[in-house]
Amino acid sequence: MATIGLVFLAVCATVHAFPEEPTPYRNTIFNDEKLEGQIFEDVNLFTIRQPSTRRDSIYRLPTKTRPIHYDITWKINMNTHEFSGTVDIDLHATEPMVNEIIIHSHELKIDSVVLKLGDTLINQTHSLVAAYDFLQIRLVTGTLNYNATNRVMYRLSIAFNASLRDDMSGIYRSWYNNYNEIHWMASTQFQSTSARSAFPCYDEPSFKSTFNITIRRPVGFKSWSCTRQLLNSVNAAK
Ligand SMILES: *[C@@H]1O[C@H](CO)[C@@H](O)[C@H](O)[C@H]1NC(C)=O
Ligand SMILES: *[C@@H]1O[C@H](CO)[C@@H](O)[C@H](O)[C@H]1NC(C)=O
Ligand SMILES: *[C@@H]1O[C@H](CO)[C@@H](O)[C@H](O)[C@H]1NC(C)=O
Ligand SMILES: *[C@@H]1O[C@H](CO)[C@@H](O)[C@H](O)[C@H]1NC(C)=O
């Protein structure tokens, strides 16, 4: 097993067509991101005009929950051109009375969904809304605990799998030619909306988080990334 701990910050740019008239909207900039020293500190210097029409905004995630950290493991099978994975998302509610968590997932088979508060299992049901790339997790009873001064952390664990894609998005297969021999590799492309094809996640720029990533690969393969490697590879991949 090769273990690589990574921490990175997603910086994404989005381009929108502006409508003539501003329309009511839900923004995904959180109030604490507008505070001094935070990323959107000066956001009010700009004229914020709603880029989305009402029709577009149905594709946006609700901001009622927010992720803090992701632990991701991908296991890549270069023989079958498939991958499987698990993601543990540490998240909290941002307001009282929240009874669902909505995140993105695109063309991933969802094996299992588990929600926990500490060691306590929270009963939930999940469903995919393919038209919006949503994975919707609904509490069977009650709402997520919420405390304005002391956030209550939940852990959402999801197992998933998919084929390596062939459209250069998410985790996709590509190849190179070395002395007339074709070699396959798996590569990633997450911007602007392709992370949701690689793991279930809050796939919008304002949901900043830290990420610890583990890659399990076949023996004889190597892993490269363009961010810090915190742990050395353990060369015992299966
Ligand atoms: C992929 O997920 C599907 C749906 O849960 C499951 O039936 C299948 O066994 C999984 N395959 C792998 C290789 O994990
Ligand atoms: C969890 O929810 C399912 C579906 O509603 C129900 O069948 C089951 O009894 C619930 N389990 C607990 C421990 O509440
Ligand atoms: C919120 O957390 C603070 C600090 O732990 C605690 O003093 C307070 O009682 C909590 N409020 C509620 C409503 O649980
Ligand atoms: C991420 O991985 C590093 C290295 O193993 C570890 O020190 C750190 O505590 C991890 N972070 C979280 C939030 O789990």
Side-chain angles (χ1 to χ4, degrees), residues 1-3 30-32 35 64-66 68-99 101-167 169-173 184-188 194-201 203 213-219 221 223 236-238:
M1 186 176 114
T3 303
F30 294 93
N31 281 333
D32 61 346
L35 298 178
K64 293 177 178 181
T65 63
R66 185 178 184 181
I68 296 296
H69 178 78
Y70 293 74
D71 282 328
I72 304 169
T73 298
W74 283 299
K75 186 177 178 187
I76 313 290
N77 187 330
M78 292 307 298
N79 296 321
T80 59
H81 289 163
E82 289 169 336
F83 68 96
S84 57
T86 56
V87 60
D88 298 315
I89 311 176
D90 294 328
L91 60 88
H92 63 92
T94 59
E95 56 186 79
M97 305 302 288
V98 177
N99 64 359
I101 298 164
I102 301 180
I103 63 176
H104 284 119
S105 181
H106 177 66
E107 294 180 356
L108 296 170
K109 288 181 208 142
I110 304 297
D111 256 332
S112 65
V113 176
V114 173
L115 181 65
K116 280 184 168 182
L117 172 61
D119 291 332
T120 308
L121 211 55
I122 310 296
N123 211 357
Q124 44 74 31
T125 58
H126 69 272
S127 56
L128 288 161
V129 189
Y132 305 136
D133 290 348
F134 285 169
L135 171 59
Q136 191 166 22
I137 293 118
R138 281 220 175 88
L139 272 59
V140 172
T141 52
T143 56
L144 297 174
N145 290 347
Y146 171 75
N147 184 325
T149 53
N150 194 25
R151 55 192 180 210
V152 183
M153 297 304 302
Y154 286 79
R155 174 159 271 220
L156 177 63
S157 302
I158 303 169
F160 55 92
N161 69 75
S163 295
L164 292 176
R165 298 182 69 88
D166 56 14
D167 62 357
S169 73
I171 304 185
Y172 64 94
R173 62 195 170 104
W184 289 95
M185 58 187 181
S187 316
T188 59
S194 298
R196 67 189 66 173
S197 308
F199 63 109
C201 59
D203 194 10
I213 296 173
T214 301
I215 297 172
R216 299 184 65 186
R217 62 187 186 230
V219 172
F221 283 75
S223 308
K238 292 198 187 65

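Ligands are counted one by one from 1 in listed order, and the atoms in each one are counted from 1 as well.
- Residues R66 and R151 are not in side-chain contact: their nearest non-hydrogen atoms beyond the backbone lie 4.5 Å or more apart.
- Under the side-chain contact (heavy atoms from CB on, under 4.5 Å) rule, L135 has a single partner from I110, L156, I102, which is I110.
- There is a protein heavy atom closer than 4.0 angstrom to atom 1 (C) of ligand 3.
- Relative orientation of the H104 and F134 rings is tilted, given thresholds of 30° and 60° on the angle between their planes.
- Using a 4.0 Å cut-off between heavy atoms, N161 contacts ligand 1 through its side chain alone, with no backbone atom that close.
- When only interatomic distances are considered, the shortest N/O to N/O separation between S84 and ligand 1 does not fall below 3.5 Å.
- The heavy-atom pair separating L108 from A162 by the smallest distance is CD2-CB, 3.9 Å.
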- Task: Give the intermediate values and the outcome of side chain to side chain contact (heavy atoms under 4.5 Å, CB included) for residues L115 and I101.
- Result: CA-CA 10 Å; L115 181 65; I101 298 164; 4.0 Å; yes

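- There is no protein heavy atom less than 4.0 angstrom from atom 7 (O) of ligand 3.
- From the protein, the heavy atom lying nearest to atom 5 (O) of ligand 3 is N150 ND2, 3.0 Å.
- Classification of D71 and R155 as a salt-bridged pair holds, one side-chain N sitting under 4.0 Å from a carboxylate O.
- The heavy-atom pair separating T94 from Y146 by the smallest distance is C-CE1, 3.3 Å.
- Heavy-atom contacts of T149 reach the following atoms of ligand 3: 1 (C), 2 (O), 3 (C) (cutoff under 4.0 Å).
- Below 4.0 Å from some heavy atom of D111 lie the following atoms of ligand 1, by number and element: 1 (C), 2 (O), 3 (C), 4 (C), 5 (O), 6 (C), 10 (C), 14 (O).
- Shown here, atom 10 (C) of ligand 1 is in close reach of the protein: a heavy atom of it lies under 4.0 Å off.
- Closest to atom 3 (C) of ligand 3 among all protein heavy atoms lies N147 ND2, 3.6 Å.
- Residue-ligand proximity: I110 is placed with a non-hydrogen atom under 4.0 Å from ligand 1.
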